[in-house]
Each structure stands twice: as structure tokens, then as C-alpha cells.
Amino acid sequence: MLYRAPRGTADILPQKQAHWRHVEQVAVSLCQGYGYQRLDCPVFEDTGLFTRSVGEDTDIVAKEMYTFADKGGNSLTLRPEGTAPVCRAYLEHGMPNLPQPVKLYYLAAIYRYERPQAGRLREHHQFGYEAIGDADPAIDAEVIDMAWQFFASLKLSRLSLQLNSIGCKKCRPAYLAVLKDYYAGYTDNICPECKIRLKRNPLRLLDCKKSSCLQIASQAPRSIDHLCPECGGHFNQLKEYLGLLQIPFAVNHRLVRGLDYYTRTVFEIQPEGGSAQSTIGGGGRYDDLIEELGGKPTPALGFAAGMERIILNLKQQKIPIPPLPQPRVFITYTGEELKKEALKLAASLRKSGVSAIEATGSRSLKAQLRQANSLGIPCAVIVGEEELKKGTVILRDMTTATQKPVPISKLPKILG
RNA sequence: GUGAGUGUAGCCCAGUGGUUUAAGGCGCCAGGUUGUGGCCCUGGAGAACGAGGGUUCGAAUCCCUCCACUCACCCCA
């Protein structure tokens, strides 16, 4: 073998397609139900779009991007997340002039250069959606409700919704100062990474999983205690709305998310008892991002879920998946000459809307039927010499092993 | 980027007291009399034992390097 799929990528084989199509179909009908329209963006974008929006100091930008120069010398990057391209398209196509909020969804491949591991790939796929142009906490509630309903429709159970508010550019600096003050008393006790975080990205101190840091983090000042009145009101209303919608949530003071653009509401959905990297979906508000990308100040929020992780959980929870449609009829023949009749019959059946496969090669009838059986096709047609003289073929029901001669002209009707 | 484990046919794997046809199961193909599947029986194809190098008379089995996969850390979906 000369080549294999690149590290961290995976072929989605035919036997896995039922899961994929099912999750996609649930996602698409969910979006229709909430008034979201599909947007497909390019796989690569100007590198600046991501460095500017995601943040220079995030892991994604610092070490995980697939960045390359094209032949014109432009620096392009395979998208490492889905929100920034949607915002770019929102601005590029004048969507600020549409009635707000603009609601968009996507199903897209995402690229991050990481060490592959359970539930983590270099190329993975996300289903995500964004509501742009609305600051009302009611839209936060709707976005979270939609995520919750998505997993409910997939029949996934034992999920937990973690919620937090990390404030806005007005109140966060004061909170970060308090947080730094607190950690200043522990500089000798925190791990080396946290020492870097303290300088670069203090919010991230809160989600260090090292046991020593964990304890310090759990006692740390909480962002929700330092919200400005507007952010505090927003968060309180959101919680009220979620209660109204009967969505169970847990406020997690250490939930901060890894991208810089988040403001106010952040949330994550994880399987109960899952490990740190088992999050299947997450999102939040990003009220400054559109402005950062050159638009007018525009509040917005969104959510994204990992397809591979969803499917992993569907399998773990042994949730039955609807099978994909397959051909109804397998057409066999009893001799080389009759192959021509089989070929014509298959073509005419398809024209009348009956999906059909015909046997090929010069295999015995036994082998042909064996093939029909192993493909799981419910009906077999046998084109035989004797029957053909009378204008009939044998129709065999593979599930009951019964068969009878049927006029060829009536086949489409019987099978249709 | 760091750490640990693994690497034998399409899949699951036996075989490491060194040597000569590398075993089995699943799957695949063909037969089990004349035009018929699923069970059973028989037979067949399919592996230079991840790659390269080394030690040796001789290595899938020992040593080195590389690669890939898996898992964990970091971080995320």
C-alpha cells in the first residue's frame, strides 16, 4: 500500500453513513424548525480572519492552524472553527441590512493540527448555528434550547448543560484584576502552564485540570459576582427563560471556553461522567466580534457540536439508527444470452422508479442469489428461458423464500 | 509539543526455548450433479509477519532508527 489517509483524518465508510446522514437530517430539520438558513463557507479563508477573531494567544491560533501560502502569496488557513467565516459572510453580503437577527447554520469540516486521540481528529466535522444581531437574552435561551432539543431529538441521554457568564469588555477587566490579585497569592503553588496563563490569558486559569490548580481555581473569585449591571441582568433573565423552557442547567464558574471572542453567555454540553475532552457541543455570545471584523457593533451568539463525538455517543448509548434506503430488487439470469434481457429489465424498472441492481459476470444462479442475499435485498427477479417465452419472469421473495411467475409488464406495478 | 502502549492476510487474532509448508476464526470465491440464496459440509484464493538497518550460519521472534495506530497530557467539537 502506497498511501493511507493522513494522520488524524478518517474515511467515512459506507457502513458509517447511516449514522452521519441521520445526524445531518436531524440537524437540518431542527434548523428549519427554528428558522435557520444554511450557509456554506469556503474551506479556507484569509489567515487574518482567524488570528483576529479567535485570538493570537489561543491554542487554536498559536499552534493548531493549517496555514499555507497560495501561489499568489496570500496566507490562507483551513478553517479551525466555524463562527468567524459566518460573520465574515454576514458582513460581506450586506446581511446587516436584513431584518435582525439573521439566523444561519452550517455543516462543515474543521481543521486543527493536534495529536489525534479518542474523539479528536485533525479533520473533524461540526454542525453549528449562529444568531446575529440580537442582544435579547431570549435569543440566548432559544439558542441553548435548540441545542438541547437537538440532542433530545437524537435520543442522547445523560447530558449535562454547563452555563456561565464571563462579562463584557466593560466589566471583565475589573474581574480579571481581581482574579490576578487572587492568584498572586498562589504563584508558587500553581503549575508552570498556569504561570503563563496568569500573564497571558488569566481567564484560562480557571479551567486547569491539575489537581493542585483545581483547588485554587474552585476557590477563585467568580466572574458572575463581578458582572456589570447590564451583564448581570442579562444572565439573570437568561436563567429565568431557561427555567421557563424547563431546560436543566448547572452554573459552572470555571467554564470559560478557549476562544477569545466570547462575551457574557458561554455554555457547554457534555455527557455525564465524561472526561475533560468529551464535550459534544458548546457555544456562547460574541458581542464584539462583528465590530472587530469591521462591522458596526452587533451582538450575536452561536453554538457548534462535533459530528464525530455525537456519533461516538450514539454508539456508546446503542441508539438505533434508521437504515439507509437500498435497492428493492436484484435481477438474476440463468445464462449469458438472458443477461441482455436482465440488463433491459433493470433499466426499464429504474425508469419506472423501482431501484434495481442486476447481476453481472457469468456466475451461477446460485452465486447470483447468494449475492442478493448478502446484500440484504428483499426481492429477486430470475430471468429464465422457459418463463421468458411466455413473457414472464420469476419473482422471488427473499425473506419468505417463496416465488411465482409474473408477467414482465406487471413488474413495475408489483414492485413499485 | 510531551508521556505510555501497540503494529502478523479485508477484519479478529495464535505463534517470540531463533532455523525449514506462519496456525485458526470471520469475510471472500468455488463446489456439494441438470436453472435457485440464507444452515451445514468440502475445497480455494489471500500475509515477503509496519518500513529500513544491524546482530547471527539462521529472526515474525533479539538490538537500533523511522513510520503509523491507540491512549493520556495540553486544548478543544
Side-chain angles (χ1 to χ4, degrees), chain A residues 1-10 13 15 23 54 57-64 79-83 107-128 147 191-194 196-197 201 204 207-210 213 255-259 268-271 274-283 303-313 330 332-338 359 361 363-388 393-403:
Chain A
M1 196 187 338
L2 254 39
Y3 300 106
R4 25 171 61 221
R7 174 161 226 200
T9 66
L13 297 168
Q15 60 266 32
V23 177
V54 176
D57 285 333
T58 60
D59 278 20
I60 289 179
V61 171
K63 55 185 195 187
E64 294 176 357
R79 67 175 157 236
E81 62 103 32
T83 298
L107 285 155
I110 302 288
Y111 301 86
R112 292 181 199 165
Y113 188 85
E114 300 188 89
R115 280 291 275 278
Q117 183 187 152
R120 183 203 283 157
L121 294 160
R122 287 182 176 178
E123 178 188 63
H124 77 278
H125 302 261
Q126 290 186 5
F127 158 56
C191 68
E193 283 103 45
C194 278
I196 298 167
R197 292 189 183 108
N201 203 338
R204 300 217 60 81
D207 75 352
C208 182
K209 279 104 191 170
K210 295 236 166 42
C213 300
L255 177 67
V256 296
R257 310 275 304 153
L259 288 75
E268 249 175 47
I269 292 173
Q270 328 173 332
S275 52
Q277 67 285 347
S278 62
T279 299
I280 59 176
F303 168 80
M307 297 289 287
E308 284 85 354
R309 286 187 186 176
I310 291 170
I311 291 167
L312 210 62
N313 279 273
F330 192 91
T332 67
Y333 46 87
T334 59
E336 259 328 275
E337 271 308 299
L338 296 168
R363 316 166 86 192
S364 64
L365 181 59
K366 184 194 194 99
Q368 294 176 54
L369 285 169
R370 194 161 39 223
Q371 190 182 355
N373 182 63
S374 68
L375 292 173
I377 293 172
C379 299
V381 162
I382 302 167
V383 181
E385 202 165 357
E386 292 304 309
E387 293 78 7
L388 198 62
V393 291
I394 295 169
L395 180 59
R396 181 174 178 84
D397 184 328
M398 298 294 281
T399 55
T400 60
T402 56
Q403 62 185 44

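Treat the numbers as computed from the prediction; the structure is a model and nothing was measured. Throughout, protein chains are lettered first and strands after them, A, B, ... in sequence-line order, and every chain is numbered starting at 1.
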Heavy-atom closest contact (A:Glu308 atom, A:Glu123 atom, distance): OE2-O, 4.2 Å

Touch class at under 4.0 angstrom, heavy-atom based, for A:Leu121 against every strand present: base

Taking every non-hydrogen atom, the tightest pair across A:Arg257 and A:Gly282: NH2-C, 3.5 Å

Qualifying residue, where the test is side chain to side chain contact (heavy atoms under 4.5 Å, CB included) with A:Leu107 and the options are A:Met307, A:Gln126, A:His125: A:Met307

Sugar-phosphate only, base, or nothing, as touched by A:Ala401 at under 4.0 Å among non-hydrogen atoms: base

Touch class at under 4.0 angstrom, heavy-atom based, for A:Arg115 against every strand present: base

Of A:Pro116 and A:Glu308, the one whose closest RNA chain B nucleotide lies more 5': A:Pro116

Heavy-atom closest contact (A:Val393 atom, A:Ile382 atom, distance): CB-O, 3.6 Å

Which atom of A:Ala359 lies closest to which atom of A:Thr332, heavy atoms considered: CB-CA, 4.4 Å

Interatomic distance, A:Glu64 CD vs B:rC73 C1' [rounded to whole Å]: 13 Å

Check nucleotides 32-36 of chain B against the protein and report each pair of N or O atoms closer than 3.5 Å, with its distance, or say if there are none.
| from | atom 1 | to | atom 2 | distance (Å) |
| --- | --- | --- | --- | --- |
| B:rG35 | N1 | A:Glu387 | OE1 | 3.0 |
| B:rG35 | N1 | A:Glu387 | OE2 | 3.3 |
| B:rU36 | O2 | A:Arg396 | NH1 | 3.2 |
| B:rU36 | O2 | A:Gln403 | OE1 | 3.2 |
| B:rU36 | N3 | A:Gln403 | OE1 | 3.0 |
| B:rU36 | N3 | A:Gln403 | NE2 | 2.9 |
| B:rU36 | O4 | A:Gln403 | NE2 | 2.7 |

Sugar-phosphate only, base, or nothing, as touched by A:Glu193 at under 4.0 Å among non-hydrogen atoms: nothing

Sugar-phosphate only, base, or nothing, as touched by A:Asn373 at under 4.0 Å among non-hydrogen atoms: base

Distance in angstrom units between A:Tyr111 OH and B:rA77 P, rounded: 16 Å

